[in-house]
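To start, the structure under review is shown below, and the notes come after it.
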Protein chains: 2
Amino acid sequence: MTAHLATSETEAGCTTCKSRKNGLCGRLSDQVRERVAARAQIVSYPANRRICGGEGDSSDVVILRSGYVRTQHHTLSGRRQIMAIARPGQTVGQENEERNEHEIEAITPVSVCRLERLEFEQLLSREPGLCRALCNQMVTRLDETRRLTWILGALESNQRLRAFLLLSRNWMDWAPQPDGTGVLTMILPRRDIADLLATTPETISRLLRQLHAQGLIEILSPRQFRLCDIPGLADGLDMVIPL
Amino acid sequence: MTAHLATSETEAGCTTCKSRKNGLCGRLSDQVRERVAARAQIVSYPANRRICGGEGDSSDVVILRSGYVRTQHHTLSGRRQIMAIARPGQTVGQENEERNEHEIEAITPVSVCRLERLEFEQLLSREPGLCRALCNQMVTRLDETRRLTWILGALESNQRLRAFLLLSRNWMDWAPQPDGTGVLTMILPRRDIADLLATTPETISRLLRQLHAQGLIEILSPRQFRLCDIPGLADGLDMVIPL
DNA sequence: CGCATTGTTGATCTATGTCAAGGACCGTGG
DNA sequence: CCACGGTCCTTGACATAGATCAACAATGCG
């Protein structure tokens with residue numbers, strides 16, 4: 001279980017980076033982005049590998065190039081809660097500060113830009129553009145985390161799952177059809193869905209069957225759902241579902 | 001139900017402001033703080049008054065001078081979830097962006113500095129110090145919101161209440177005694193505790209009695225608790241409780 | 001072809017939401 | 001001084017959503 005596997009790519013990786021127009025990087029000017037990149041190291045991780053947090057950790061700041069990571073926390077009793085899922089273009093780790101409360105793990109294979117925390121902090125002071133972009137991103141993350149808080153606190157599990165399916169359209173493969181339905185490719189296994197929505201894989205499974213029985217979705221395969229009745233799925237959520 | 005009641009204080013209110021050393025303002029240099037204050041209007045609200053969010057709203061940015069506010073959201077079915085509680089020195093409203101998803105209400109009587117959103121955004125671009133301070137604050141808020149997400153998702157209600165009591169020491173009146181116990185003055189009514197912890201006032205009441213029966217707390221009055229056994233209260237929370 | 005992982009289904013039990021009633025406390029007005 | 005209404009808190013009875021445990025099916029991999 002080595003720390004991580006460095007790729008052969010050089011540091012001038014922005015040109016090949018598909019998310020240089022997204023998230024944090026997308027809000028930086030080309031010069032600032034290059035100056036950040038000059039201090040970053042590109043690293044890849046396989047699915048389920050720990051990226052930061054937990055025990056002996058270099059506490060770096062990480063910008064996601066590709067793939068998805070989960071910010072989570074474990075109970076001694078084995079319970080896990082996923083607090084956030086980060087997409088390409090988002091930063092991870094700088095919000096962890098001194099105490100390493102959360103573990104951050106790859107969901108899919110990921111590629112990241114790693115920066116040492118200290119260097120990142122210095123860059124932040126020197127580059128107002130970076131600071132502004134980070135601030136904007138933090139607003140977005142806060143908003144997303146509050147939405148999850150709302151989902152967990154105010155909705156029952158059936159509603160949670162429906163909200164999750166609808167929100168997933170924003171960051172998973174979503175193929176809308178002319179008839180208003182669409183096919184969603186779920187990247188999370190049942191266990192992760194459950195730990196995000198604070199329930200169990202068994203319940204997720206049962207609820208999916210129930211949504212199917214109600215004609216709201218079709219289960220094409222364990223990881224592919226057709227959302228047949230989007231207004232029906234959104235019913236009673238009292239929630240702004242972007243997209 | 002008028003919008004709000006302006007106080008007689010002038011705009012040079014920083015000198016009289018007890019939280020000018022806390023939160024956002026505490027991280028600004030004196031000059032920057034003065035320049036921000038020059039654009040702010042000091043306003044007071046009684047308890048339970050809406051401060052921003054909801055229907056017709058000026059969508060200002062607000063810095064809390066004194067008192068506490070809650071960021072919350074309602075279901076059509078009447079369920080409410082409190083997503084965050086802000087203390088003096090914290091900003092509120094700038095994270096709301098365009099869509100006004102949350103309502104923000106005074107818990108206690110509050111005094112705030114109001115800034116128009118546009119002016120605030122301009123200040124943010126002109127003053128790197130403000131941007132840096134805001135960025136730091138957003139990190140803190142994100143952290144707190146994630147902690148709430150954790151509490152709601154991973155803990156059962158008994159544990160939620162214990163975590164809440166322990167965390168409350170950081171921002172409510174907390175009088176520690178030499179013997180290791182201490183008296184906590186609860187500023188939230190049962191209803192608010194319930195809506196923060198995603199349960200009901202009835203359950204909160206029962207759980208408090210239960211903690212009392214276990215010798216963990218003493219209920220001096222509905223709003224005053226002696227925390228008798230702090231390690232006992234923290235038991236099984238698997239959580240970093242600051243302080 | 002095992003073997004491990006992931007997903008599904010069934011049976012059971014309990015924590016807690018809901019409804020209903022009543023108590024404690026406070027301010028107001030007679 | 002008391003009666004009144006309001007808010008907040010507490011207690012009891014009851015129903016049920018969903019966690020847990022256990023078994024098994026489906027899938028993928030060496």
Side-chain angles (χ1 to χ4, degrees), chain A residues 46-49 70 75 77-82 105-109 151-162 164-165 184-214 217-225 236, chain B residues 46-49 75 77-81 105 107-108 151-162 164-165 184-214 217-225 236:
Chain A
N48 293 313
R49 178 65 53 88
R70 50 181 187 246
T75 295
S77 58
R79 190 175 199 84
R80 180 182 66 159
Q81 176 66 39
I82 296 176
E105 289 182 356
I107 299 178
T108 61
I151 287 177
L152 296 185
L155 304 182
E156 51 194 39
S157 57
N158 173 315
Q159 300 174 310
R160 283 184 222 169
L161 181 57
R162 289 190 280 119
F164 170 70
L165 288 175
L184 181 72
T185 305
M186 173 59 51
I187 64 169
L188 300 187
R190 298 286 184 276
R191 171 98 241 157
D192 281 358
I193 303 176
D195 287 345
L196 182 68
L197 301 182
T199 176
T200 61
E202 293 94 325
T203 300
I204 296 295
S205 180
R206 279 186 259 261
L207 290 173
L208 282 170
R209 302 288 140 180
Q210 184 185 317
L211 293 181
H212 173 74
Q214 293 167 350
I217 68 170
E218 238 176 279
I219 304 173
L220 308 177
S221 82
R223 304 291 189 104
Q224 277 213 325
F225 312 125
Chain B
N48 294 313
R49 178 66 54 85
T75 294
S77 58
R79 188 174 201 83
R80 180 182 65 155
Q81 177 65 39
E105 288 183 355
I107 298 178
T108 62
I151 287 176
L152 296 185
L155 304 183
E156 51 194 41
S157 56
N158 173 314
Q159 301 174 310
R160 283 183 220 170
L161 181 57
R162 290 189 280 123
F164 170 70
L165 289 175
L184 181 73
T185 306
M186 173 59 49
I187 63 171
L188 301 186
R190 298 287 185 274
R191 170 100 240 154
D192 281 358
I193 302 176
D195 287 345
L196 182 68
L197 300 183
T199 177
T200 60
E202 293 93 327
T203 299
I204 296 295
S205 181
R206 280 185 258 261
L207 290 174
L208 282 170
R209 303 287 140 186
Q210 184 184 318
L211 293 182
H212 173 73
Q214 293 167 350
I217 68 170
E218 239 176 279
I219 303 172
L220 307 177
S221 84
R223 302 292 187 104
Q224 277 211 326
F225 312 125

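Only a predicted model underlies this, so the values are computations on that prediction, with no experimental measurement involved. Letters go in sequence order (proteins before strands), and every chain restarts at 1.
Here A:Arg70 pairs with A:Asn48, A:Gln72, A:Glu105, A:Asp192 under the side-chain hydrogen bond (donor to acceptor under 3.5 Å, both in side chains) rule; sequence neighbours left out. Residues satisfying the side chain to side chain contact (heavy atoms under 4.5 Å, CB included) test with B:Arg79, not counting sequence neighbours, are A:Ala154, B:Thr75, B:Ser77. Judged as a side chain to side chain contact (heavy atoms under 4.5 Å, CB included), and not counting sequence neighbours, the contacts of B:Arg206 are B:Glu202. Remark: A:Ser157 engages A:Thr203, A:Leu207 in a side chain to side chain contact (heavy atoms under 4.5 Å, CB included) (not counting sequence neighbours). Every residue meeting the side chain to side chain contact (heavy atoms under 4.5 Å, CB included) condition with B:Gln224, not counting sequence neighbours, appears here in chain and number order: B:Val183, B:Thr185, B:Leu220, B:Ser221. Applying the salt bridge (Lys or Arg N to Asp or Glu O under 4.0 Å) rule to A:Arg209 yields no partners; only residues at least two apart in sequence or on another chain are considered. Residues satisfying the salt bridge (Lys or Arg N to Asp or Glu O under 4.0 Å) criterion with A:Glu218, sequence neighbours excluded, are A:Arg226. Under the side-chain hydrogen bond (donor to acceptor under 3.5 Å, both in side chains) criterion, B:Arg160 pairs with no residue, sequence neighbours left out.
As judged by a 4.0 angstrom heavy-atom cut-off over every strand, B:Pro189 is placed among residues touching the sugar-phosphate backbone only.
Rounded to an integer number of Å, the gap from CD of B:Gln210 to P of D:dT11 is 13 Å. Taking atom CZ of residue B:Arg191 and atom P of nucleotide D:dC8, one finds them 10 Å apart after rounding to whole Å. Rounded to an integer number of Å, the gap from CG of B:Asp192 to C1' of D:dC8 is 12 Å.
In this structure, B:Arg190 contributes its side chain and B:Pro222 its backbone to a donor-acceptor pair below 3.5 Å.
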B/S/- contact track for nucleotides 12-30 of chain D, protein heavy atom under 4.0 Å: BB----SSBB---------

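Across B:Leu197 and B:Leu161, no two heavy atoms sit closer than the pair CD1-CA, 3.8 Å.
Rounded to 10 degrees, the angle separating the terminal axes of the helix from C:dC1-D:dG30 to C:dG30-D:dC1 is 30°, with each axis obtained from five end pairs.
Nucleotides of DNA chain C lying under 4.0 Å from heavy atoms of chain B occupy a range whose first and last members, 5' to 3', are C:dT16 to C:dC19.
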